[in-house]
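A, B, ... follow the sequence lines: proteins, then strands. Residue 1 opens every chain. Here the structure is a predicted model, which means the values were calculated and not measured.
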2 protein chains.
Amino acid sequence: MNLVRPSLVELGSAEIRPTALPDHLYAVLKQKILSCVLLPGSRLVEKTLCDEFGVSRTPLREALNRLNHEELVILQPNAGYRVAPITLAGFRSLIELRLIIEPPASALAAVRATPADLADLAACADLPYDPSHDQGFADYCRGNARFHLRIVRTARNPRLENLVMSALDLYQRPTYLRVGRQLDPANPSARHREIVAALAARDADQARHLMEQHIRRGGERILEAMAAAGYPEA
Amino acid sequence: MNLVRPSLVELGSAEIRPTALPDHLYAVLKQKILSCVLLPGSRLVEKTLCDEFGVSRTPLREALNRLNHEELVILQPNAGYRVAPITLAGFRSLIELRLIIEPPASALAAVRATPADLADLAACADLPYDPSHDQGFADYCRGNARFHLRIVRTARNPRLENLVMSALDLYQRPTYLRVGRQLDPANPSARHREIVAALAARDADQARHLMEQHIRRGGERILEAMAAAGYPEA
DNA sequence: ACTTGCATACGTGTATACAATCCAGACTTT
DNA sequence: AAAGTCTGGATTGTATACACGTATGCAAGT
């Protein structure tokens, strides 16, 4: 490698020693895909990316393989890579997954939350919601994901946490494409606060129920917007 | 590559064209790890494995990376690979995951099952249970996994299917170590048939409930045996 | 005897060269 | 003119050589 590695824009995080090359490439590519800087369906060529990042094919291929197994890029053997397309069926299965995992995880969180968790969650619940600017919209999306992830973390099961993290990642892509952006009715902070209140009251059933409603409504809204925008079924 | 690739023992499956090298290595290593031919904690060295399989490091590393991300092997940077250890906490989180996913998936299956699904499931429900021989025990484990996977497939959500597949894989390892083998009370075929009956009756709630009981009991039994066998908490 | 420092060997991390495969376009043939 | 085939280029798949970091064993000093 003969190029200085560009430092990953990492908000707040210390980033002491330079990240391992494949991890770094993975993170950057993933960010570009999730934020639709690399559009769904666009072609990815190893050589081109190597030149762009100033690395050889070996670490890059490791990153692409990882993205491939997470279904963010598609690799047709001996043919090439493409950024995974966005489909209605794919998004539906994602909503279904979230509906299965996050409500029970919230119920667990109601049982297992410490006072520190609750304080943290209360701080995460309120989101800055300013859809008039791109940056404001992006901040809102990240804040929303952070809240949901923080809930699952409170359930104290690392497997669940990883799963939801991955699901939220995939979830952000249609959102970033501004599908359903204008349809956003109101800031979901109110609903978030209700959920936190249920956790604080140790009301597992209520937490489960509120989370289910919350995810279902948001998912249906985006799904409708996607259908209206003409995304393919599969 | 100058060596004939050993064909993967694939029961029934056609295996038309030779599998891609990394996929093949991944499958073989995974099988060895899950069946505890490669014991938890044992060291894996790239060069050694390369010689053994007659391939170069590139495709092998791809397989190891995949296993690493699935938490079947652990890689400490610049130090080496080890087969992931088995811990009580890890297994507990796995049970919790199955308890969250499979019961709702069964409920979905009750709604979405076709007559063909039901026939298939009925055929999968009965397991050959002969714990007196190693082979009989292994067959039982595989049959059990196949049944649970067939249920989830009936839910018609590929994401759920992949998740449960991965969870069942990890689940088999403690079982293969014969932990809790002698404690096995009876063939679970009866419980499986009850679940299939609930699906056939389109009784989603009953299917969910039965599946939850089934997983909880099996999990607790293995967990107790693991604790008795002295597996570490973490 | 125990600790500390260094040298060496071992194993992973990266780069690059080579082989196999697929696709596109042009040419030939019917 | 249409269809089939062949050839060239592009891109991934694999192998291998080199660079770097880490651990281990030995020796010297306390």
Between A:Thr154 (side chain) and A:Arg150 (backbone), is there a donor-acceptor pair under 3.5 Å? yes

In whole angstroms, the gap separating P of D:dA10 from OH of A:Tyr81 amounts to 19 Å

If one requires at least 3 consecutive Watson-Crick or G-U pairs with distances under 3.5 Å, the stems of DNA chain D turn out to be C:1-30 with D:1-30

Under a 4.0 Å heavy-atom cutoff, the residues of residues 38-48 of chain B touching DNA chain C are B:Arg43, B:Leu44, B:Val45, B:Glu46

Could you tell me whether the phosphate oxygens of C:dA15, OP1 or OP2, come under 4.0 Å of any side-chain nitrogen or oxygen in A:Ser56?
yes

Check whether B:Asn144 reaches the backbone of B:Tyr140 with its side chain - one donor and one acceptor, N or O, closer than 3.5 Å.
no

Atom CG of B:Leu60 and atom C1' of C:dG13 are separated, to the nearest Å, by 14 Å

*asked:* A:Arg156 vs A:Asp117, test: salt bridge (charged side-chain N to carboxylate O under 4.0 Å, His left out). Steps then yes/no.
replied: CA-CA 11 Å; A:Arg156 301 273 188 285; A:Asp117 285 325; 2.7 Å; yes

Check the interface with nucleotides 6-8 of chain C: list each N/O to N/O pair with the protein under 3.5 Å, or write none.
none

- Message: Tell me whether A:Ser166 contacts the main-chain N or O of A:Asn162 through its side chain, where contact means a donor paired with an acceptor under 3.5 Å.
- Response: no

- prompt: Does A:Leu64 offer a backbone N or O that forms a donor-acceptor pair with the side chain of A:Asn68 under 3.5 Å?
  reply: no

Under the 3.5 angstrom rule, does the side chain of B:Arg159 hit a backbone N or O of A:Gly90 as a donor-acceptor pair? yes

Rounded to whole Å, the CD-C1' distance (B:Gln76 to C:dG13) equals 15 Å

Exercise. Within the structure, does a side-chain N or O atom of A:Arg57 lie under 4.0 Å from either OP1 or OP2 of C:dA15?
Worked result: no

Walking DNA chain C from its 5' end, the first of B:Ala79 and A:Asn78 to be reached, judged by nearest nucleotide, is B:Ala79

| request: Flag the pair B:Arg66 and B:Asp23 as a salt bridge only when some basic side-chain nitrogen lies within less than 4.0 angstrom of an acidic carboxylate oxygen. | output: yes

Closest to the 5' end of DNA chain D, once A:Gly80 and A:Thr58 are matched to their nearest nucleotides, is A:Gly80

